[in-house]
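Notes to accompany the following structure.
Letters A, B, ... mirror the listed sequences (proteins, then strands); counts begin at 1. Predicted model only: the values in this text are computed from it and were never measured. Just so you know, these numbers use all the heavy atoms, side chains as well, and skip hydrogens, waters and symmetry mates.
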There are 2 protein chains.
Amino acid sequence: MHTLAEENYLKAIYKLSLIAENVSTNQIAAELATKASSVTDMLRKLADKLLINYTRYQGVSLTQTGEKVAVNIIRRHRLWEYFLVEKLHFKWDEVHEMAEEMEHISSNELIDRLDEFMGFPTRDPHGDPIPDCNGNFKTNDLKAISAVDVNTCGIISGVRDHSSSFLQYLEKQGLTIGKKITIKEIITYDNTVVLQMNNKDLQISRDVANNLLIAL
Amino acid sequence: MHTLAEENYLKAIYKLSLIAENVSTNQIAAELATKASSVTDMLRKLADKLLINYTRYQGVSLTQTGEKVAVNIIRRHRLWEYFLVEKLHFKWDEVHEMAEEMEHISSNELIDRLDEFMGFPTRDPHGDPIPDCNGNFKTNDLKAISAVDVNTCGIISGVRDHSSSFLQYLEKQGLTIGKKITIKEIITYDNTVVLQMNNKDLQISRDVANNLLIAL
DNA sequence: TTATATTTTTAGACAAGCCTAAAAAATTTA
DNA sequence: TAAATTTTTTAGGCTTGTCTAAAAATATAA
């Protein structure tokens, strides 16, 4: 269907589109750890295939077709992550790279059967929504802990940083998906956040609070 | 670890090595549906990496390392085929192309866990042995139906042709792995073979008899 | 054993996807 | 608004893996 490189570009553009409508060449280059000139080459190719809207110097956005392809890649990625954690018992910080490879297996029939086999899960192990076979999924209505008021309580439901070091840290602190927490205090000196979980207090840095999402 | 192309060449060389010790450039080209000149290029590369023994004009054989890599690819292929049939309920004629992609997912940890998840199967859906995590597997001691004497009986245990048209034909005739059959007669005119299965007679062509394997 | 046919390799080219260096366009700053 | 800076594109090159056409080596046949 599409080459590996094309799929990775579409995924990157999709991800960056969530932050800002129009995506710049440099942003894509940074996301994919490649050079701006390489990005320009690929953008022309993707535009030729009608997967993106592209005018020189003006940045890009996905076409409807492009977005469909991107969402499908994300569906495949998240379903394989779910499989790896729920069926093969990998930890949530171990699955990203494997899923990065597996998401390029092309058969949709395979993915739909995998979905069925696992009971049509709606969230991956990091709390991100899994698109269904039509590409529909609930948009996450989550807030970073750093963005809520003191005394708010909520359920840990997602992360912004998917790096294994961050996920390992959360695991160690017991800050995993589903846990109920209350934001007790924000220390003005360095924005450290004091949480309560299972009747115990826990301090997390501003950085961690920025990357940990809760449902209110 | 190795590129997709390298893995496919190693697999092809391994497969051809089972028929004849030394494998020729043209044989590999035919197996991979490519040109002899392309094969020569790749052989030099594989030889540089010490994966094959290669002298110009003399054909090739796998080194120990090369064979290990090849067997590992076959292990991955067959485990994924097993997964697709046993867990996702695909038919045995539908899984080859998918497994062809999946066999290149690189993590060995993933494959070992998949193996465990499925209870360490020893045969794939076509009856081929699945190498264990050390690369060991039972060699198939099977015979083509065309190669056994009249009145022999045995269990259908493998196929030589993995094409979906052949597998679909077998399925339709009920000639699936595990079935007990007796070779009743070989019609001298065209070598048609008359089988008995479940007390019913069944005629198969010489071609089919050549590609259907039984354990005695 | 020489001629013919086949197989294999070499030479040179091409597409995909990447790179560096330089030019062009857009943006920011003064 | 002109100058400086940043961003993006172009130009040209590299690697991988493929191809065709031609040359070289090997195998077969007369």
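- Remark: B/Asp141 CG is loosely packed, at most 12 non-hydrogen atoms of other residues, nucleotides or ligands lying under 6.0 Å away.
- Considering only residues two or more places apart in sequence or on other chains, A/Tyr9 meets the ring-ring contact (aromatic ring centres under 6.0 Å, His included) condition with none of them.
- Note: CD1 (A/Ile52) to C1' (D/dT8) measures 14 Å, nearest angstrom.
- For the contact set between residues 28-42 of chain B and DNA chain C, defined by any heavy atom under 4.0 Å, the members are B/Ala36, B/Ser37, B/Thr40.
- Residue pairs that meet the side chain to side chain donor-acceptor pair (under 3.5 Å) test with at least one member in residues 30-39 of chain B, sequence neighbours left out, are B/Lys15-B/Glu31.
- Residues meeting the salt bridge (Lys or Arg N to Asp or Glu O under 4.0 Å) test with A/Arg75, sequence neighbours left out: A/Asp112, A/Asp115.
- Applying the salt bridge (charged side-chain N to carboxylate O under 4.0 Å, His left out) test to pairs two or more places apart or on separate chains, none has a residue in residues 51-68 of chain A.
- The side chain of A/Arg44 contributes no N or O atom lying less than 4.0 Å from OP1 or OP2 of D/dT9.
- Not counting sequence neighbours, the partners of A/Arg113 by the salt bridge (Lys or Arg N to Asp or Glu O under 4.0 Å) test are A/Glu109.
- The distance between atom CG of A/Asn22 and atom C1' of D/dT8, rounded to the nearest whole Å, is 14 Å.
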Just distance, no hydrogens or angles: give the donor-acceptor pairs under 3.5 Å from side chains in residues 127-137 of chain B, sequence neighbours left out.
residue, atom, partner, partner atom, Å
B/Asp128, OD2, B/His162, NE2, 2.8
B/Asp132, OD1, B/Asn134, N, 2.8
B/Asp132, OD1, B/Gly135, N, 3.1
B/Asp132, OD1, B/Asn136, N, 3.0

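- Rounded to whole Å, atom C1' of C/dT10 lies 10 Å from atom OH of B/Tyr54.
- Within the structure, every pair that satisfies the side chain to side chain donor-acceptor pair (under 3.5 Å) test and touches residues 205-216 of chain A, not counting sequence neighbours, is listed here: A/Ser146-A/Asn210.
- For A/Lys11, the salt bridge (Lys or Arg N to Asp or Glu O under 4.0 Å) test picks out A/Glu100, A/Glu103, with sequence neighbours left out.
- Here B/Asn26 reaches the OP1 or OP2 of C/dT8: one of its side-chain N or O atoms lies under 4.0 Å away.
- B/His2 is linked by a ring-ring contact (aromatic ring centres under 6.0 Å, His included) to nothing, counting only residues two or more places apart in sequence or in another chain.
- Within residues 4-15 of chain B, no residue has any heavy atom closer than 4.0 Å to DNA chain C.
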Please write out the pairs of protein N or O atoms and N or O atoms of nucleotides 22-26 of chain D separated by less than 3.5 Å, giving the distance to one decimal.
residue, atom, partner, partner atom, Å
D/dA25, O4', B/Tyr57, OH, 3.4

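- Because its NZ or CZ atom is both nearer than 6.0 Å to the ring centre of A/Phe117 and within 45° of the ring axis, A/Lys87 counts as a cation-pi partner of that residue.
- Atom CG of B/Leu43 and atom P of D/dT18 are 11 Å apart (whole Å).
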